[in-house]
Amino acid sequence: MRLISQEIWADVLGYVRKNISEVEYHTWFAPVKNLGVQEGSLVLGVRNSFAQEWFRKHYLELLEDALRSLGAQNPQVSFQVLPAAQDALLLPSDPPPPPPAPAGRSVPAPTPVENRKVLNPKYTFENFVVGPNNNLAHAAALAVAESPGKAYNPLFIYGDVGLGKTHLMHAVGHYMTERFPGKRIEYVSTESFTNDLINAIREDRMTQFRNRYRSVDLLLVDDIQFLAGKERTQEEFFHTFNALYENHKQIILSSDRPPKDIQTLEGRLRSRFEWGLITDIQSPEYETRVAILKMNAEHNRIDIPQEVLELIARQVTTNIRELEGALMRVVAFCSLNNVPFSRAVAAKALSNVFTPQEVKVEMMDVLRQVAAHYNMSPDVIRGSGRVREVVLPRQVAQYLIRELTDHSLPEIGQFFGRDHSTVMHAISKVTEQVGREPEITAAVETLRRKMQGLEDDEYDT
Ligand SMILES: Nc1ncnc2c1ncn2[C@@H]1O[C@H](COP(=O)(O)OP(=O)(O)OP(=O)(O)O)[C@@H](O)[C@H]1O
């Protein structure tokens, strides 16, 4: 059974939740377990046979609609009674189990300690792909992890959303936990810090608040730009910062912008943020994006062809969270439709986010497709052979590259180890033949559609 990611399952639940009442949702959907996809059918674990029947009767259509909204063409859902609940089987005529008490009534309000965020186990240095976009931030984080309080203090990491700032901060936390057991690490968002402070003031617990933040060895604060305009929080953070700094405790801050661009930030805090090292993370390049997708697929034990990862990496260019989301979307789409991974299916799975025409095509992609179409190796097509069997595919490839990419004639020539006039000749030759020669017309037409993700042999709609 192929596992369906938590993100996709969360999307299904989100869809369901919008369409039924909260009580109904908590009664029926909160205990449901996502068991994965088997032969295109989403398998859900329910508590007993009564629930199984209830789901079939009342929620099947809703769940199918939810899957349709994720791109499933022919959504199927089945229900399995979870083994642990089998001894408590209810007869179908029994009344439904009572709704669980709404959260909060029987559970005491969380104390600040329970409110603490924990480090995400996935956010380690091993799971961080280093590329030209983030290598300085990575090196700085590693240096800090090895010599906390000594290398750079504070370390200030900034960059746009979803580019790995939190990941790097947590990586330092994990590294320190392993290397220096017993060290106290606190990870907090600026929002939580502010809320904690407000609660501490209201409940007269300032000593406890100060002890909590000033007794740590490593303080990680996310989204520090949200200090802007919060005078009391800035004041308190200033003292926290000083206390830690003077005791050589490490501070790492993340922000969506450098300190100088955070408006209404007190000068004394801004200058402190600039005391250590300020480093940024940029959007990842294509190769880094492919490497991130590859690592993600391996971690999730998804065997997905490189060319599909390449297509996804071309589609999502700026945000790594979205890049991972796109991969999960493709995986869910293929599982739910029970089709193998292919470029065309991936393009379709992402088509409500990106239109197929936007599929960016590279010279190598075209060459590979042409080679597959004519059943020969890309190297042979690019080689020096002059027999018609090789010349025709070569000309078709050059013609399609010119049409589907932005490359110039000299660039195409270079790719094939030829000069631009040869490419020009190839293009005019194919142009002449398209519409006249049925075989060439069909080949060009099919390849063009495949390259744009509009057609795939394995998947017809
Ligand atoms: N270089 C990388 N290698 C592997 N995964 C990465 C990398 N950079 C980011 N990610 C992944 O991308 C996702 C988003 O990263 P993260 O939450 O750290 O971003 P962020 O910059 O803190 O975003 P925000 O500003 O929204 O908090 C995470 O799942 C993270 O593991």
Side-chain angles (χ1 to χ4, degrees), residues 3 5-11 117-145 154-175 185-194 218-228 251-259 261-262 273 278-302 304 309-310 312-313 315-332:
L3 279 179
S5 80
Q6 281 313 316
E7 284 90 343
I8 295 293
W9 176 232
D11 282 351
K117 292 201 176 168
V118 283
L119 300 178
N120 184 327
K122 192 195 122 195
Y123 293 178
T124 59
F125 280 120
E126 293 76 54
N127 291 346
F128 191 83
V129 175
V130 184
N133 62 313
N134 59 24
N135 58 355
L136 292 179
H138 173 262
L142 203 54
V144 159
L155 174 61
F156 191 103
I157 307 173
Y158 73 92
D160 281 340
V161 288
L163 292 184
K165 303 183 292 295
T166 308
H167 187 137
L168 266 188
M169 291 211 285
H170 285 210
V172 176
H174 287 303
Y175 191 95
I185 295 164
E186 186 81 51
Y187 165 71
V188 72
S189 66
T190 301
E191 204 192 348
S192 304
F193 182 86
T194 308
L218 171 66
L219 179 65
L220 309 166
V221 187
D222 228 339
D223 294 323
I224 200 75
Q225 75 274 7
F226 291 132
L227 274 187
I251 302 159
I252 307 183
L253 308 169
S254 90
S255 166
D256 66 352
R257 64 200 79 174
D261 293 342
I262 305 178
F273 292 174
I278 301 176
T279 178
D280 69 332
I281 301 188
Q282 297 287 334
S283 294
E285 297 68 20
Y286 170 72
E287 289 77 9
T288 312
R289 299 199 299 276
V290 174
I292 291 173
L293 287 172
K294 214 169 171 166
M295 193 187 68
N296 237 282
E298 276 164 15
H299 277 184
N300 290 300
R301 297 206 185 83
I302 303 164
I304 184 165
L309 298 181
E310 288 171 3
I312 300 170
Q315 295 294 300
V316 187
T317 54
T318 51
N319 180 325
I320 298 174
R321 195 174 293 121
E322 277 179 14
L323 187 69
E324 293 176 338
L327 171 65
M328 289 311 156
R329 223 185 155 81
V330 170
V331 172

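Just so you know, these numbers come straight off a predicted model, no measurement behind them. Note that these values count all heavy atoms, side chains included, but never hydrogens, waters or copies made by symmetry. Just so you know, ligand 1 is whichever comes first in the structure, and atom 1 is the first atom listed for that ligand. Each residue takes its place number in the sequence, starting with 1.
The closest heavy-atom contact to atom 13 (C) of ligand 1, among the options R289, K165, E324, M169, comes from E324. Which of I320, N296, L323 comes nearest to atom 7 (C) of ligand 1 through a heavy atom is settled by distance: it is I320. Among G164, G159, S255, A137, the residue whose heavy atom lies closest to atom 19 (O) of ligand 1 is G164. When the heavy atoms of R321, H167, Q225 are ranked by distance to atom 17 (O) of ligand 1, first place goes to R321.
Atom-to-atom distance recorded for N296:CG and N127:CG is 9.0 Å, nearest 0.5 angstrom. Taken from CG in L327 to CD1 in I292, the straight-line distance is 11.5 Å, to the nearest 0.5 Å.
Considering backbone and side-chain N/O atoms, D222 never comes within less than 3.5 Å of an N/O atom of ligand 1. The distance criterion of under 3.5 Å between nitrogen or oxygen atoms is met by V129 with respect to ligand 1.
For ligand 1, the atoms sitting less than 4.0 Å from at least one non-hydrogen atom of K122 are 29 (O), 31 (O), numbered in the order shown with element in parentheses. Remark: ligand 1 atoms within the under-4.0 Å shell around heavy atoms of V161 are 23 (O), 25 (O), 26 (O). For ligand 1, the atoms closer than 4.0 angstrom to any heavy atom of L163 are 8 (N), 9 (C), 19 (O), 20 (P), 21 (O). If you number the atoms of ligand 1 from 1 as listed, the ones under 4.0 Å from a heavy atom of N134 come out as 1 (N). Within ligand 1, the atoms closer than 4.0 Å to a non-hydrogen atom of Y123 are 17 (O), 28 (C), 29 (O), 30 (C), 31 (O), numbered from 1 in the order shown.
Here the protein heavy atom with the shortest distance to atom 27 (O) of ligand 1 is T166 OG1, 3.6 Å.
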| query | Do L218 and V172 pass the side chain to side chain contact (heavy atoms under 4.5 Å, CB included) test, and can you show the C-alpha distance, the side-chain angles, and the key distance before you say yes or no? | reply | CA-CA 9 Å; L218 171 66; V172 176; 4.1 Å; yes
| said: Walk me through whether T166 and D222 qualify under side-chain hydrogen bond (donor to acceptor under 3.5 Å, both in side chains). | reply: CA-CA 7 Å; T166 308; D222 228 339; 2.8 Å; yes
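For D256, the heavy-atom gap to ligand 1 stays at 4.0 angstrom or more. At a 4.0 Å cut-off, at least one heavy atom of G162 sits close enough to ligand 1 to count as contact.
Between F125 and H174, the distance from one ring center to the other does not fall under 6.0 angstrom.
Between Y123 and H167, the ring-plane angle classifies as parallel under the 30° and 60° cut-offs.
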